[in-house]
Structures are given as structure tokens and as C-alpha cells.
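This is a predicted model, so every value here is computed, not measured.
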Protein chains: 2
Amino acid sequence: MTRHGKTLDKLKEAGYRLTPQRVMVLAALAGKPGHIGVDDIFRQVHASYPYIDVATVYRTLQLLKVLHLVTELDVGGSARYELIETEVHHHMVCRNCSRAFDFSPTYLEEFHHRLIQEFGFEPDLEHFAIGGLCSACARERR
Amino acid sequence: MTRHGKTLDKLKEAGYRLTPQRVMVLAALAGKPGHIGVDDIFRQVHASYPYIDVATVYRTLQLLKVLHLVTELDVGGSARYELIETEVHHHMVCRNCSRAFDFSPTYLEEFHHRLIQEFGFEPDLEHFAIGGLCSACARERR
DNA sequence: GTTAATGCAAACACTTTGCAGCCGC
DNA sequence: GCGGCTGCAAAGTGTTTGCATTAAC
């Protein structure tokens with residue numbers, strides 16, 4: 001079973017149709033590690049099926065989001081998506097090279113608890129991503 | 001001196017012209033506490049000077065951003081701006097009522113240092129804002 | 001055969017840009 | 001008066017929506 005096989009099953013179980021377009025969008029999501037932009041998904045699917053429309057990609061992603069099969073991040077402007085796999089994790093996105101790196105939720109535990117305790121504010125950390133400069137780009141810049 | 005008087009001075013010192021439009025945009029920023037959207041600024045200025053164009057508001061904010069006189073946040077879609085005052089602080093933005101609350105950078109210190117030490121990743125925390133549910137809305141929801 | 005999903009086109013919200021005229025310095 | 005700034009209009013992104021046709025079930 002491919003990396004997105006389970007997601008296809010869940011779509012079907014939820015009563016949605018398994019159209020080739022949806023399968024291709026999921027394949028694109030599964031094909032690259034980390035989060036990926038709508039344009040990137042569109043380009044990939046379009047390469048093998050030129051009739052695909054961006055609207056379909058958006059609608060598919062919307063559906064997958066509602067069903068909690070993908071997570072959506074919006075780091076600076078456009079949205080990016082990622083298949084939900086086993087573990088929750090967060091992202092560091094380099095402002096220079098746009099690469100993304102994962103980090104564990106434990107890094108935010110202290111922060112999370114302090115906001116709750118001191119302000120009663122429950123932060124949304126499910127889709128948390130932080131911009132910055134990655135080590136490679138920081139080195140290069142010197 | 002008004003709340004944005006210093007900012008006006010800095011603009012002038014930097015060699016930029018103090019046009020009425022710029023003064024009005026700054027007055028709008030100073031008029032409301034916390035961060036504020038472009039549409040909000042535009043509406044306020046437009047009320048007293050109907051010839052103002054959104055482009056001017058955008059250009060002014062762009063300039064103020066480059067000069068580090070305002071900070072820009074983008075929580076979900078459109079950008080929001082705030083005059084830079086004495087202290088650096090971050091924001092909690094309620095996903096329900098859209099109100100913003102401040103918190104000190106000390107809350108993120110541990111997180112910040114761990115990303116640097118363990119990944120060599122330098123996070124951009126200057127414009128940091130986190131979405132979530134504020135205590136009032138959480139209470140109401142029950 | 002039903003009905004949901006697609007492709008197409010158009011609209012949408014937000015932001016940027018080119019340009020001629022204007023006005024702060 | 002010079003050059004930066006403005007208003008206007010137009011274009012550029014990224015995203016959503018209405019609708020007739022198509023295809024998954």
C-alpha cells in the first residue's frame with residue numbers, strides 16, 4: 001500500500017467518490033515529504049492529466065482538510081498542505097530557500113502551558129509553523 | 001505629543017515627506033490599540049479625506065514597515081499592522097472574536113534557544129503571532 | 001439512473017504597479 | 001522648481017463559486 005492508501009480508504013469510507021483527480025492530488029501530496037503548495041500539486045497532476053483544473057485541486061484540499069486527512073499551513077500568503085501521518089509535528093520554514101524542517105511538539109509544551117495558565121488562551125498548535133533562516137542559508141549568508 | 005508623534009519625526013528624519021495622507025494613516029494606527037487591518041485604516045482615513053486611495057495606504061504601510069516603524073502580522077489571510085512602541089511583544093489572536101492580546105518575548109525564549117541550539121534555525125520572532133481561542137470565547141462556548 | 005464531482009469561466013479579496021499630475025520641501 | 005508622493009486605473013495573486021456536463025457508484 002502506498003503512503004496515501006489509508007487516506008484513500010478513509011475518503012471512501014466517509015462516502016466520497018474516489019475520482020482519478022482526487023487520487024492524483026493525494027499521490028502528489030504523498031510524493032513529496034513535508035508540506036507542499038497548491039501550485040506544486042497542480043503542476044504535478046497537470047503533468048499527467050492536463051485537463052485538471054485548479055478549482056478541483058482547491059476543492060479536493062478543502063475536503064481533505066475538513067476530513068482531517070491533511071493539515072493546512074499558511075506561512076506568508078499562500079496555503080501549503082501535508083498528508084496527516086502518524087505523528088503530530090511542527091514546521092520550521094526557511095524564509096530564504098523555502099525548505100521545511102520538522103520539530104516535535106515538545107518544543108512548544110512550555111509555551112503552550114504558560115499561555116493557558118497565565119492567560120487562559122488556548123493556542124492553535126495543530127498547524128503551527130514558524131518562519132526563519134535555516135542553518136544552511138545562515139552559513140551561506142556569511 | 002500624540003502617540004504617533006515620534007513616528008512622524010522619524011519619518012521626517014529619514015528624509016521622507018510628511019504628507020497629510022501619511023499623517024492620517026499614522027493617526028489611524030495610533031487611534032486604535034493593537035494591530036489593525038488595511039481596510040480599517042482605509043475606512044478611517046477615507047471618512048475624513050475621501051480622496052485617499054488604498055494604494056497610498058499600502059505604500060505608506062510598506063514604507064513604515066521598511067523603516068521599522070510598524071510591525072506586520074498576517075494571521076489568516078490579510079495583513080494587520082501596529083505602531084512599534086517601546087517594547088517588543090507578541091500577539092495572541094482569537095480565532096473567534098479576532099481580538100488580540102499581547103505577551104512578552106520571554107514566553108518564547110526557551111523555544112527560541114532550543115531551535116537555534118538543536119537545529120541552527122533562527123526563527124523570525126519579530127512579527128510573531130499565534131492564533132487560538134481566548135478565555136472569554138472559550139467560556140462562552142461552554 | 002442518481003447524484004456528486006469536474007471543468008470552465010467568471011468573480012472574489014487583497015495587494016502591487018505604471019503613469020501623469022501635484023505638492024511638500 | 002525639483003523630485004518624491006498621490007490618485008487613478010489596471011493588472012497580478014491566490015482562492016472561491018455558479019453552472020452545465022460528466023462519470024462514480
Take A:A55 and A:D39, find for each the nucleotide of DNA chain D with the closest heavy atom, and name the residue whose nucleotide sits nearer the 5' end.
A:D39
For A:Y16 and A:Y81, take the nucleotide of DNA chain D holding the closest heavy atom to each; which residue's nucleotide lies nearer the 5' end?
A:Y81
Residues pairing under salt bridge (charged side-chain N to carboxylate O under 4.0 Å, His left out) where one sits in residues 44-63 of chain B, two or more places apart or in two chains, turn out to be none
Segment of DNA chain C, first to last nucleotide, that comes within the 4.0 Å heavy-atom reach of chain B:
C:dC14 to C:dC25
Tell me: [atom1] of [X] to [atom2] of [N], nearest whole Å?
X     : N      : atom1 : atom2 : result
B:Q21 : D:dG4  : CD    : P     : 17 Å
B:Y49 : D:dC5  : OH    : C1'   : 11 Å
B:L11 : D:dG4  : CG    : C1'   : 13 Å
A:L63 : D:dT17 : CG    : C1'   : 16 Å
A:L18 : D:dA24 : CG    : C1'   : 9 Å
A:E72 : D:dT15 : CD    : C1'   : 11 Å

Suppose we screen for side chain to side chain donor-acceptor pair (under 3.5 Å). Which residues come up paired with B:H91, at least two apart in sequence or across chains?
B:E82, B:D102
Results of side chain to side chain donor-acceptor pair (under 3.5 Å) for A:E72 - residues two or more places apart only:
A:K65, A:Y81
Residue pairs meeting side chain to side chain donor-acceptor pair (under 3.5 Å), one or both in residues 12-32 of chain B, sequence neighbours left out, come to B:K32-B:D40
Are the side chains of A:F101 and B:F119 in touch, meaning some heavy atoms are under 4.5 Å apart?
no
B:L64 vs B:L11 side-chain heavy atoms within contact, under 4.5 Å:
yes
Applying ring pair (Phe, Tyr, Trp, His ring centres under 6.0 Å) to B:F42 and B:Y58, what does each step give before you reach the verdict?
CA-CA 9 Å; B:F42 177 72; B:Y58 276 104; 9.3 Å; no
Can you find a side chain N or O atom of A:T19 that sits less than 4.0 Å from OP1 or OP2 on D:dA24?
no
Estimate the overall bend of the helix from C:dG1-D:dC25 to C:dC25-D:dG1 from the end axes over five pairs each, rounded to 10 degrees.
30°
Using the rule given for side-chain contact (heavy atoms from CB on, under 4.5 Å), can you reason through A:L125 versus B:I130, listing the C-alpha separation, both sets of side-chain angles and the distance that settles it, and then say yes or no?
CA-CA 8 Å; A:L125 294 176; B:I130 180 88; 3.7 Å; yes
B:L29 and side chain to side chain contact (heavy atoms under 4.5 Å, CB included): which single residue from B:T60, B:T7, B:L61 fits?
B:L61
[X] near the nucleic acid: base, sugar-phosphate alone, or nothing, with a heavy-atom cut-off under 4.0 Å?
X     : result
A:P20 : sugar-phosphate
A:R22 : sugar-phosphate
A:Y58 : base
B:F42 : nothing

Do the side chain of B:R59 and the base of D:dG4 come within less than 3.5 angstrom through a donor-acceptor pair of N or O atoms?
no
Note: for A:D53 and B:Q62 on DNA chain C, the residue whose nearest nucleotide lies more 5' is A:D53
Indicate whether any N or O donor in one side chain lies under 3.5 Å from an N or O acceptor in the other, for A:Y107 and B:E118.
yes
Among D:dT15, D:dC5, D:dC25, which nucleotide sits nearest the side chain of A:S78?
D:dT15
